Amino acid sequence: MIRKFDFLVIGSGVAGMSYALQVAASGKGKVALVCKTSIEEANTAKAQGGVASVTNLKVDNFAKHIKDTMIAGDYISDPRAVEQVVKNAPAGIERLVKWGVNFDKKEDGSFDLHREGGHSEFRILHHADDTGFEIQRGLIEAVRHHPNITVLENHFAVEIITQHHLGIEVTRRTPDIECYGAYVLDPDTHKIDTFLSRVTVLSTGGCGAVYATTTNPEIATGDGIAMAYRAKATVEGMEFIQFHPTALYNPREKHPAYLITEAMRGYGGILRLPNGEEFMQKYDKRLSLAPRDIVARAIDKEMKIHGLDHVCLDVTHKDPEQTKQHFPNIYQKCLSIGIDITKQYIPVVPCAHYLCGGIKVDLNACSSIHRLYAIGECSCTGLHGGNRLASNSLIEAVVYADTAAKHSIEHIDKYDFNDRVPEWNDEGTLSNEEKVLIAQDVKEVEQVMSAYVGIVRSDLRLKRAWTRLDLLYEETEELYKHVKATRDICELRNMINVGYLITRQALERKESRGLHYTIDYPKHAYDQN
């Protein structure tokens with residue numbers, strides 16, 4: 001089946017929905033919002049902490065937020081991207097509020113602002129400790145009521161359509177690659193439909209599921225990045241995987257692991273060994289409020305030194321009622337596994353959390369492929385550089401959704417549908433035996449990435465990962481040629497592609513920088529001489 005939409009948006013987190021709402025309001029055509037599972041299941045909903053924006057001008061300003069972002073990014077952030085996000089953040093907050101998102105306020109009507117690691121001022125807008133969920137709720141409500149937006153749940157995008165599908169050879173050196181839409185798997189017919197579009201937007205989120213333990217949902221398999229890479233788009237910064245230092249240690253929950261927000265350390269939480277001993281003073285003068293990469297490496301080292309499977313976060317010295325009020329969901333979650341956080345330490349462990357790299361885009365969110373935009377976590381805007389400053393990602397998604405929407409509205413009238421695109425060839429069969437192979441290979445990717453491409457790396461570990469991923473790639477591509485394309489084999493292909501990109505770009509960076517720490521180059525980039 002061939003379907004036509006003026007705007008094809010793949011992914012339904014804060015970035016995809018913000019973009020869809022803006023282009024739908026322009027009257028320039030119909031919008032398809034393709035969701036891999038339900039519209040509710042996105043990384044956005046897991047973001048507890050909040051949204052960073054300068055709002056209290058009495059003490060805060062853009063220059064401070066820009067400086068904090070550059071420092072956190074280890075000075076390899078793109079200054080133009082940083083300025084664009086920081087200066088457009090307040091307008092982004094206004095749009096979210098207009099779409100029905102509620103942020104906590106004080107009695108005087110001003111925003112109740114939190115502070116998180118790496119921020120020099122209180123500038124984090126939040127909604128209790130489930131800000132992402134509240135943003136997702138507000139946007140879903142607005143999207144469902146918009147007549148120009150068609151929401152397609154449980155639809156899985158398989159490939160981006162380019163000249164390659166017209167029989168033209170496309171390489172990384174091919175100028176003017178164009179995107180004509182995507183091939184999308186329909187859950188009801190189990191067939192792959194051809195979605196033709198004038199503009200295509202990837203907002204498919206991150207890739208935490210390539211690791212054994214992650215705060216991301218299982219669906220975060222890097223689909224958009226892998227599709228764009230196979231279509232010969234530029235992908236960069238993949239070595240910069242942010243490991244959140246404090247996920248709740250619970251061996252029964254790994255995909256996703258439950259996140260203990262950084263705001264809890266901003267509130268006064270102290271990192272300790274299970275015996276009560278503090279350890280952050282050995283690593284950074286900012287103690288438990290040091291940036292995430294420093295805290296994650298410190299925890300990783302302490303766990304290895306002492307043979308521990310977790311460390312602890314302590315808020316028992318804080319007022320119990322205040323703790324329950326500030327962190328109601330975390331309190332209830334910990335209580336459900338027998339931990340009263342007002343009286344007991346919270347067991348925490350680092351795990352894969354956020355991707356700072358992705359599909360390389362310019363200030364308008366345009367990828368290197370014409371008519372293809374990338375926004376949200378799957379994109380590499382240059383904002384985060386070597387490490388993301390806490391709570392900058394949600395506002396980045398809103399700001400770049402805005403610039404992408406404005407750019408595509410301005411240019412869409414120049415684009416036509418490409419009616420020469422062939423329909424998908426769906427020959428092949430899939431047996432239960434092959435399903436077992438796919439499930440086993442997914443586990444192997446997760447184990448390889450966690451063991452060899454984790455918080456602390458080395459050339460030896462990275463080369464081992466490369467060798468094993470290469471073998472998995474050959475086996476999976478051979479299988480893919482002979483079976484019907486299903487979501488599970490497509491996800492496996494995407495995970496292998498993304499694992500390969502992370503590993504290759506980690507090997508290419510011959511320095512320790514930002515989130516990329518290697519024992520072969522232990523000195524910081526600035527200390528090499």
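Worth saying up front: this structure is predicted, and the values here are computed from it rather than measured. Position 1 is the first residue of the sequence, and the numbers go up from there.
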Might you point out which heavy atoms bring [X] and [Y] nearest each other, and give the distance in Å?
X    : Y    : answer
V54  : P90  : O-CG, 3.5 Å
V445 : I496 : CG2-CG1, 3.8 Å
S203 : A15  : CB-CB, 4.2 Å
S18  : V398 : OG-CG2, 4.3 Å
S368 : K232 : OG-O, 4.3 Å
I260 : I330 : CD1-CG2, 3.8 Å

Beyond-backbone contact of [X] with [Y], side-chain heavy atoms, under 4.5 angstrom:
X    : Y    : value
E141 : L139 : no
R95  : Q22  : yes
H114 : H326 : yes
H255 : T214 : yes

Neighbour count >12 (heavy atoms, 6.0 Å) for atom CZ, R80: no
Can you list every pair that meets side-chain hydrogen bond (donor to acceptor under 3.5 Å, both in side chains) and has a residue in residues 182-193, with sequence neighbours left out?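 Sorted pair list: K191-D426.
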Listed once per pair and sorted, the salt bridge (charged side-chain N to carboxylate O under 4.0 Å, His left out) pairs that draw on [range], sequence neighbours left out:
range            : value
residues 9-29    : K28-D413
residues 202-229 : K36-D223
residues 2-20    : K4-D419, D6-R198

Evaluate the criterion side chain to side chain contact (heavy atoms under 4.5 Å, CB included) for residue pair V199 and Y415; output intermediate values, then yes/no. CA-CA 8 Å; V199 161; Y415 309 142; 3.8 Å; yes
CA sep, side-chain torsions, deciding dist, call: L248, I337, side chain to side chain contact (heavy atoms under 4.5 Å, CB included): CA-CA 10 Å; L248 179 63; I337 60 168; 3.7 Å; yes
Under the ring pair (Phe, Tyr, Trp, His ring centres under 6.0 Å) rule, what pairs show up with a residue in residues 219-240, not counting sequence neighbours? none
Among K67, R123, R115, whose salt bridge (Lys or Arg N to Asp or Glu O under 4.0 Å) with D60 holds? R123
Which residues pass the side chain to side chain donor-acceptor pair (under 3.5 Å) test with [X], sequence neighbours left out?
X    : result
K105 : none
R297 : none
E134 : N102, R137

Exercise: do [X] and [Y] side chains pair donor with acceptor under 3.5 Å:
X    : Y    : answer
H353 : T215 : yes
H407 : Y373 : yes
Q242 : H384 : no

List the residues meeting side chain to side chain contact (heavy atoms under 4.5 Å, CB included) with [X], not counting sequence neighbours, and say none if there are none.
X    : answer
N497 : A226, R230, Y473
A228 : L202, A233, I359
I66  : M70, V82, E83, V86
H164 : T162, V170

Full working for side chain to side chain contact (heavy atoms under 4.5 Å, CB included) between I135 and V51: CA-CA 10 Å; I135 291 172; V51 190; 3.6 Å; yes
N-O pairing of [X] and [Y] below 4.0 Å:
X    : Y    : value
E116 : R388 : no
K64  : D68  : no
E159 : R493 : yes

